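A short worksheet on the structure shown next.
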Number of protein chains: 2
Amino acid sequence: MRIGQLAEATGTTTKTLRFYEESGLLPPADRMASGYRDYTDDAVGRVGFIHRGQAAGLTLAQIGQILRIREHGQPPCSHVRDLLGERLRELDAQIAELLALRETISQLHAQAAEPEPDTCSADEVCRYI
Amino acid sequence: MRIGQLAEATGTTTKTLRFYEESGLLPPADRMASGYRDYTDDAVGRVGFIHRGQAAGLTLAQIGQILRIREHGQPPCSHVRDLLGERLRELDAQIAELLALRETISQLHAQAAEPEPDTCSADEVCRYI
DNA sequence: ATGAACCTTCCAGTACAGTGGAAGGTCAAG
DNA sequence: CTTGACCTTCCACTGTACTGGAAGGTTCAT
């Protein structure tokens, strides 16, 4: 399977696949006589794993860690569990922060909706912020 | 007021203030005979505005827009209202996305907590993802 | 007069996940 | 034989908000 076909099969681009290889997320592909990369069907699963990891909010670096542990023959289960737990805590903090921000902006927006823009004075940048 | 004093007064660094000037967020400061930047007290308010804008989740580019409109003599109120409304919609989408992600990860994490890591097979990278 | 603390400019790098483009090689169809 | 689609490498750039450091000038106290 050539790189373009893998890209189509996985819903990504050839650029991205080469970037993954360079980043150590995909093993260096075998080459055809022409020098073209030649992928086996496994590659589809591997790219799918990367995408599922990203969908779970892991960074490419974290996904690479898991992949490298797996390559050394050890099941990365406990590591994955830790990673997911950590990500969960990060997410909770992030969500709390965004909710607080939403509250702030919502209030500012409500104030800004009051139709009295004439009272904007020249010595402040904007009374809504 | 020299740049270091402004930095201290606004809780930031001289690097950041020069960066703001270069980015068009602060007007080019007057210079003393020595070439040192010489700020008036207004600058404190202006930097404060930038920080409040950031706290409201606006990007520096958006804050710069408001500042530039203000400089042309027009009160940026309606623009700010639009910006805040837009930011509110973005935030809602972002929060919804993160909540969904939290759900997904929470489930994966709960599965990964089950103590049966022996069943990890060699042909999949990790059954939890 | 000399050292510390402050300032100046300019260049380069950080993290993240790619994206764009140039210059050139390969392959199948017409 | 040429055209077009595909592939290769390499280098540089995107956006965001800074940060680090080098090389040099200024100010003030001792």
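This one's a predicted model, so the numbers in the text were calculated from it and none came from an experiment. The figures that follow rest on heavy atoms only: side chains count, while hydrogens, waters and symmetry mates do not. In the text below, chain A, chain B and the rest are named by the order of the sequence lines, each starting its count at 1.
- Contact footprint of chain B on DNA chain D: nucleotides with an atom under 4.0 Å from a non-hydrogen protein atom, first to last in 5' to 3' order, dA17(D) to dT27(D).
- Taking CD of Glu86(B) as the start and CZ of Arg81(B) as the end, the distance is 14.5 Å to the nearest 0.5 Å.
- As judged by a 4.0 angstrom heavy-atom cut-off over every strand, Arg18(B) is placed among the base-contacting residues.
- Atom CZ in Arg37(A) sits roughly 17 Å away from atom P in dG25(C) (whole-Å rounding).
- Gln54(A) and Leu60(A) get closest at one heavy-atom pair: NE2-CD2, 3.5 Å.
- To the nearest 0.5 Å, the span separating OG1 on Thr13(A) from CG on Leu17(A) amounts to 6.5 Å.
- Whole-Å rounding puts the Glu21(A) CD to dG18(C) P distance at 15 Å.
- Leu58(A) places its CG atom 15 Å from the C1' atom of dA17(C), with the value rounded to the nearest Å.
- Looking at heavy-atom distances under 4.0 Å, Thr13(A) makes contact with sugar-phosphate atoms alone, never a base.
- In this entry the distance linking CG of Asp30(B) with P of dC7(C) reads 16 Å, nearest Å.
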So which protein N/O to nucleotides 26-30 of chain C N/O distances come out below 3.5 Å?
{"unit_1": "dT26(C)", "atom_1": "O4'", "unit_2": "Tyr36(A)", "atom_2": "OH", "d": "3.2"}
{"unit_1": "dT26(C)", "atom_1": "O2", "unit_2": "Tyr36(A)", "atom_2": "OH", "d": "3.3"}

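- Residues Ala61(B) and Met32(B) both approach DNA chain D. Their nearest nucleotides, taken by heavy-atom distance, put Ala61(B) toward the 5′ side.
- Residue pairs that meet the salt bridge (charged side-chain N to carboxylate O under 4.0 Å, His left out) test with at least one member in residues 10-28 of chain B, sequence neighbours left out, are Glu21(B)-Arg37(B).
- In this structure the side chain of Leu26(B) reaches within 4.5 angstrom of the side chain of Ile50(B), judged on heavy atoms.
- Between the side chain of Gln5(A) and the main chain of Arg2(A), a donor-acceptor pair closer than 3.5 Å is present.
- Backbone-only engagement by Thr59(A) is indicated by non-hydrogen atom pairs under 4.0 Å involving sugar-phosphate atoms exclusively.
- Between Gln5(B) and dA5(C) there is no side-chain N or O to OP1 or OP2 distance below 4.0 Å.
- Look at OH on Tyr20(A): it is 12 Å from C1' on dC16(C), rounded to the nearest Å.
- Look at CZ on Phe19(B): it is 17 Å from P on dC11(C), rounded to the nearest Å.
- Inter-residue side-chain proximity for Ile63(B) and Thr59(B) is flagged as unmet; no heavy-atom pair is nearer than 4.5 Å.
- Regarding Glu8(B), its CD atom lies at a distance of 15 Å from the P atom of dA5(C), rounded to whole Å.
- Side-chain contact between Leu25(B) and Arg46(B) is absent, with no heavy-atom pair separated by less than 4.5 Å.
- Among all heavy-atom pairs drawn from Met1(B) and Asp38(B), the shortest one is N-OD1, 3.0 Å.
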